[in-house]
Amino acid sequence: MDYKKKISELVSIEGFSQSDIFELIALPKDTSLGDYCIPCFKFAKALRKAPVIIAQDLANAVKDKCDFAEVEAVAGYLNFKLDRMQVAKQTLEDIMTQKEKYGSSDLGKDKTICIDFSSVNIAKPFHMGHMLNTSIGSALYKLYKVLGYNVVGINHLGDWGTQFGKLIVAYKMWGDKKDIEERGVRGLLDIYVKFHKEAEEKPELEDEARAWFKKIEDGNKEALDLFYWFKEITMKEVDKIYKRLDVTFDSYNGESFYNDKMQPVLDELKAKGLLVESEGAQVVKFDNDEMPPSLLVRSDGATLYATRDMAAAFYRKNTYDFYKCLYVVAYQQDLHFKQLFKTIEMMGYDWAKDMVHVAHGMVSLEDGSMSTRGGHVVFLEDVLNTTVSKALKVIEEKNPNLENKAEVAEQVGVGAVIFAMLYNSRIKDITFSYDKVLSFEGETGPYIQYTYARCNSLLEKCGDVVGDIDYSGIDNDSAAEVIRTLGKYQDTLIDAANKYEPCLISRYAINLAQEFNKFYFDCNIANAEQPIKNARLLLTKAVKQVIANALKILGMATPNKM
Ligand code: ARG
């Protein structure tokens with residue numbers, strides 16, 4: 001039931017449209033005052049009256065014309081209280097008829113959103129930093145789908161650059177095909193590190209590397225074969241991780257894809273007088289030096305990451321005609337994206353405003369072992385395997401007779417890491433702690449999954465809802481809190497989408513789980529009389545459904561038993 005819509009139809013104020021009023025409707029901070037409110041301060045000027053009077057007049061005007069339980073003016077606010085039982089019935093009915101569709105919408109109809117996320121680098125480890133990026137991007141991807149958008153997930157692979165020349169030189173010197181095939185990126189990383197050590201003493205290796213990279217650029221067969229092989233090895237590993245995380249993409253067009261698409265953009269920049277020469281290189285300068293110039297062609301003619309991103313922006317606009325193009329990338333690249341968007345704006349394209357850098361923080365491990373500088377990189381695969389085996393240990397202690405223990409441990413372990421990535425506003429840095437993320441209490445993945453499993457066992461134990469439903473069984477404060485939260489699900493999704501903040505969904509899920517657990521302790525379910533029990537079971541079913549819907553967006557599984 002759309003109460004906000006109902007209210008906006010009920011209240012009319014000269015000079016304000018129905019949708020103006022809709023926008024103003026808010027949720028009162030103090031829930032005892034009402035379920036919705038309209039702050040009347042905005043109307044004061046137009047009506048030449050004090051907000052307190054306006055609220056009072058409106059209350060008198062609509063009071064008897066509606067079926068809200070109470071309409072009251074308090075300190076310039078017009079408050080609406082719903083009939084608790086009517087809301088309960090309506091909300092539970094909505095959830096039980098819409099099921100996994102509950103919360104979805106057609107808000108995004110005919111609109112395409114491109115999301116550039118994960119965007120891993122070939123021949124480099126898929127480390128913890130990418131986990132945050134991948135989880136945020138994938139959650140947004142699923143969220144926009146639920147809201148009816150056409151979504152294009154793009155993995156802008158880092159598959160270009162001189163490092164591939166270095167890898168070829170290293171491979172030709174020390175490479176062992178079998179070892180690399182077995183150990184994958186770890187094998188590649190070893191020879192890459194070795195290259196850097198050797199090159200300190202033999203700088204001529206760098207020249208050789210440049211020459212090999214040039215061969216890749218020129219399409220030399222031997223060079224390209226190796227390049228594709230490195231890529232294949234990396235993608236095999238990365239795909240395994242994406243499968244575990246339930247992450248999918250619609251395009252893997254990475255940096256190399258744009259090799260032949262940069263020149264037209266550079267030509268256009270030049271024609272528009274935006275590309276200027278500076279010490280032999282070609283750069284775009286910004287007004288009043290608000291930012292450092294953006295380097296697009298080096299003095300030796302080489303293009304850069306930024307050049308490929310310019311080409312990619314045009315390619316995406318032309319291919320997908322996006323409504324928005326999101327870049328889920330760490331905040332270290334703030335300047336890069338500011339320059340990119342500004343350059344496109346300076347070229348005269350108003351769609352520059354539709355590109356958004358969805359910036360996020362960094363992840364480090366509690367013991368500090370994340371520092372790449374110390375040469376010690378933590379592979380995401382190792383972190384996932386560690387959490388899964390720790391989860392298995394806990395299950396073995398707490399529920400030794402559980403069937404499919406390994407499967408549940410995978411769901412809990414991986415889910416714990418995902419949830420930890422998505423619990424804070426994305427810009428915050430995260431310190432990852434195995435104990436914290438795996439705790440069954442507190443604001444964690446296992447806690448939510450456990451609540452889901454609790455709903456499930458309760459329903460299994462009590463059987464389905466049969467016969468009459470006496471809603472007075474959920475006419476109490478703890479049930480009312482749960483129902484209010486259930487009813488806010490779609491608003492939460494929309495809010496999360498508008499702010500690019502999956503944490504609003506994970507926080508919602510925690511909140512729902514906590515409220516449900518309070519209800520569960522406050523109200524006897526199993527031994528209540530059937531019609532009362534039915535109302536409580538229905539509530540449990542609805543909570544189970546909404547937790548499942550929310551976790552699906554976050555990318556987490558919902559084991560029936562834990
Ligand atoms: N591969 C890059 C990195 O790891 C991220 C790419 C982000 N996407 C983009 N279009 N620039 O830093």
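Counting starts at 1 for both ligands and their atoms, following the listed order.
- Between Trp351 and Phe314, the ring centre distance stays below 6.0 Å.
- Judged as a side-chain contact (heavy atoms from CB on, under 4.5 Å), and not counting sequence neighbours, the contacts of Leu275 are Leu266, Leu269, Lys270, Gln282, Val284, Leu296.
- Ring planes of Tyr489 and Tyr102: parallel class, angle under 30° (limits at 30 and 60°).
- A heavy-atom cutoff of 4.0 Å around ligand 1 is satisfied by the protein residues Asp116, Ser119, Asn121, His130, His156, Tyr305, Asp309, Tyr327, Val329, Gln333, Phe337.
- Every residue two or more places apart in sequence or in another chain was checked for a salt bridge (charged side-chain N to carboxylate O under 4.0 Å, His left out) with Glu237, and none qualifies.
- With sequence neighbours excluded, the residues forming a side-chain contact (heavy atoms from CB on, under 4.5 Å) with Ser105 are Leu107, Leu147, Gln490, listed by chain and number.
- Checked against Phe213 for a ring pair (Phe, Tyr, Trp, His ring centres under 6.0 Å), the options Phe164, Trp160, Phe227 give a single hit: Trp160.
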